[in-house]
There are 2 protein chains.
Amino acid sequence: MQFSFRMPVAVQILLCIAKFDGVFKTTSTFLASSVNINPVIIRNTLGQLKAAGLVKVAAGVGGAKLTKEPKDITLKEVFQAVEEDEDLFHIQDNPNPQCPVGRNIHRLLGSRLSLVKEHMLSDFADITLAELLDDIEKSE
Amino acid sequence: MQFSFRMPVAVQILLCIAKFDGVFKTTSTFLASSVNINPVIIRNTLGQLKAAGLVKVAAGVGGAKLTKEPKDITLKEVFQAVEEDEDLFHIQDNPNPQCPVGRNIHRLLGSRLSLVKEHMLSDFADITLAELLDDIEKSE
DNA sequence: TCTCATTGTAAATAATGGTATTACAATGAG
DNA sequence: CTCATTGTAATACCATTATTTACAATGAGA
């Protein structure tokens, strides 16, 4: 069980937009060739990032730009842009209400697992695009 | 995107075994009626918990028992018993090696996301079965 | 205004994985 | 030996992800 590759793809898109800003026009086809994935998936993902206010996309002429500085974009925003806001775990819908365990399981696990997810999001909030870009520069 | 209900089901199974120990024989059918799920899923999950050393199952005669005290069983063990040990996110396999972003994306995200997963596991390690059982008692 | 590369989006398809269910041999206490 | 139960394989169904084709809408530049 693992998350889909939407978030990693979104991160790669944003890094490419930042890195090639002013050098290449970052069209969906251009971005697709970095990720090695179908351009339609890039366009859909860009749509989600646009809806989240992280990028501007030039319809018609093509290309995308960040709306903020890389230091102000965190993986938390990216994650929330491309993943649904739902519980980390699926808890069985209809446990037996006559069983003391069954009738309490949602309450028991719900809050504790929500907390785990919040921790995960705050971990993501500590990772910025700028940090990743720096890391790339260093390795060149 | 969310984890399957395997972990919540496993937790419910373990709680029932602990709670009804000595009172009812905790067969797969009995446990299935608490979770309201097919008994085969219970048997498969019990098999995973047994492989992880958390329970003993009496083949033939039926019923399951914990091998440790509830205070010594954490959700981390349960999670690892029923979920595969894999990365939290799926990163695209063949990014473009000619792109500075593409050829670094695995290195960039790999270690950072592993850390996030480790944090998640250590959150799970802080939740014990005993704590959940206490919580049930209080609400009775 | 026309052109044309590009975006936005729908639709069809394939692949994957989780969940549900049936079936039955193996188990082991009584 | 009996019988309820476990262990496990096989199958089917469904939801979601990922892939791909197709095409109307966009909008800068000629």
Side-chain angles (χ1 to χ4, degrees), chain A residues 1-10 12-13 16-17 20 24-33 35-52 55-65 79 81-95, chain B residues 1-10 12-13 16-17 20 24-33 35-52 55-65 79 81-95:
Chain A
M1 196 58 222
Q2 61 183 174
F3 287 99
S4 72
F5 62 30
R6 278 205 292 269
M7 204 263 269
V9 165
Q12 191 166 348
I13 288 173
C16 282
I17 293 174
F20 296 115
F24 294 106
K25 187 165 71 162
T26 50
T27 66
S28 63
T29 307
F30 174 83
L31 295 168
S33 80
V35 185
N36 197 21
I37 208 177
N38 194 288
V40 173
I41 296 176
I42 300 289
R43 294 207 282 272
N44 288 336
T45 305
L46 273 175
Q48 293 179 299
L49 294 172
K50 186 173 67 171
V55 299
K56 282 180 302 192
V57 182
V61 58
K65 297 222 175 296
F79 178 86
V82 298
E83 293 283 347
E84 287 206 41
D85 181 23
E86 62 190 346
D87 290 338
L88 203 50
F89 285 84
H90 176 208
I91 301 180
Q92 178 72 355
D93 289 328
N94 308 304
Chain B
M1 196 57 226
Q2 62 183 173
F3 285 98
S4 72
F5 64 32
R6 277 204 291 272
M7 204 263 268
V9 165
Q12 192 166 346
I13 288 173
C16 282
I17 294 174
F20 297 116
F24 293 106
K25 186 164 73 161
T26 50
T27 66
S28 63
T29 306
F30 174 84
L31 295 168
S33 80
V35 185
N36 197 20
I37 207 178
N38 195 287
V40 174
I41 296 175
I42 300 289
R43 295 208 280 275
N44 288 335
T45 305
L46 273 176
Q48 294 180 296
L49 295 172
K50 187 172 67 169
V55 300
K56 282 179 302 193
V57 182
V61 60
K65 297 219 176 296
F79 178 86
V82 300
E83 292 283 348
E84 288 208 39
D85 180 25
E86 63 190 348
D87 290 340
L88 202 52
F89 285 84
H90 175 207
I91 302 179
Q92 177 73 353
D93 288 329
N94 309 304

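These numbers come from a predicted model, not from an experiment. Letters go in sequence order (proteins before strands), and every chain restarts at 1.
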- Message: For a quick test of reading the model: is some side-chain N or O of B/S28 closer than 4.0 Å to OP1 or OP2 of D/dT5?
- Response: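 For D/dT5, neither OP1 nor OP2 has a side-chain N or O of B/S28 closer than 4.0 Å.
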- Message: Below the 4.0 Å mark, does D/dT6 have OP1 or OP2 next to a side-chain nitrogen or oxygen of B/K50?
- Response: no
Rounded to the Å, how far apart are [X] [atom1] and [N] [atom2]?
X     : N      : atom1 : atom2 : answer
A/E86 : D/dA15 : CD    : P     : 15 Å
A/L31 : C/dA5  : CG    : P     : 19 Å
A/I42 : D/dT19 : CD1   : P     : 11 Å
B/F24 : D/dT5  : CZ    : P     : 14 Å
B/L46 : D/dT6  : CG    : P     : 8 Å

Looking at residues at least two apart in the chain, or sitting in another chain, which of them share a side chain to side chain contact (heavy atoms under 4.5 Å, CB included) with [X]?
X     : value
A/S33 : B/N96
A/E86 : A/E84, B/M1, B/Q2
B/S4  : B/R6, B/E83
B/K50 : B/V55, B/V57

- Name all residues meeting the side-chain hydrogen bond (donor to acceptor under 3.5 Å, both in side chains) criterion together with B/T45; count only those two or more places apart in sequence or in a different chain, and write none if there are none.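 For B/T45, no residue satisfies side-chain hydrogen bond (donor to acceptor under 3.5 Å, both in side chains) once neighbours in sequence are set aside.
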- Results of side-chain hydrogen bond (donor to acceptor under 3.5 Å, both in side chains) for B/K56 - residues two or more places apart only: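 Checked B/K56 against side-chain hydrogen bond (donor to acceptor under 3.5 Å, both in side chains); zero matches.
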- Message: Classify the ring geometry of A/F3 against B/F89: parallel below 30°, tilted from 30° to 60°, perpendicular beyond 60°.
- Response: parallel
- Heavy-atom donor-acceptor pair, B/Q92 side chain to A/V9 backbone, under 3.5 Å: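 Pair absent, no side-chain N/O of B/Q92 close to backbone of A/V9.
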- Query: For B/K65, what residues pass the salt bridge (charged side-chain N to carboxylate O under 4.0 Å, His left out) criterion, not counting sequence neighbours?
  - Reply: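 Per chain and number, B/K65 pairs via salt bridge (charged side-chain N to carboxylate O under 4.0 Å, His left out) with B/D21.
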Show me the protein contacts with nucleotides 15-25 of chain C, counting only N or O atoms at under 3.5 Å.
from, atom 1, to, atom 2, distance (Å)
C/dT19, OP1, B/F5, N, 3.3

- Task: Could you tell me which residues satisfy ring-ring contact (aromatic ring centres under 6.0 Å, His included) with A/F5, sequence neighbours excluded, listed by chain and number?
- Result: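 A/F5 satisfies ring-ring contact (aromatic ring centres under 6.0 Å, His included) with B/H90 only.
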Quick test: give all pairs of protein nitrogen or oxygen and nucleotides 27-30 of chain C nitrogen or oxygen below 3.5 Å, distance rounded to 0.1 Å.
from, atom 1, to, atom 2, distance (Å)
C/dT27, O2, B/G60, N, 3.4

- Query: Looking only at heavy atoms, what is the nearest atom pair of A/V82 and A/A10, with distance?
  - Reply: CG1-CB, 3.9 Å
- Reading DNA chain C 5' to 3', how would its secondary structure be written in dot-bracket notation, given Watson-Crick and G-U pairs with both distances under 3.5 Å, brackets [ ] for crossing pairs and | for partners on other strands? ||||||||||||||||||||||||||||||
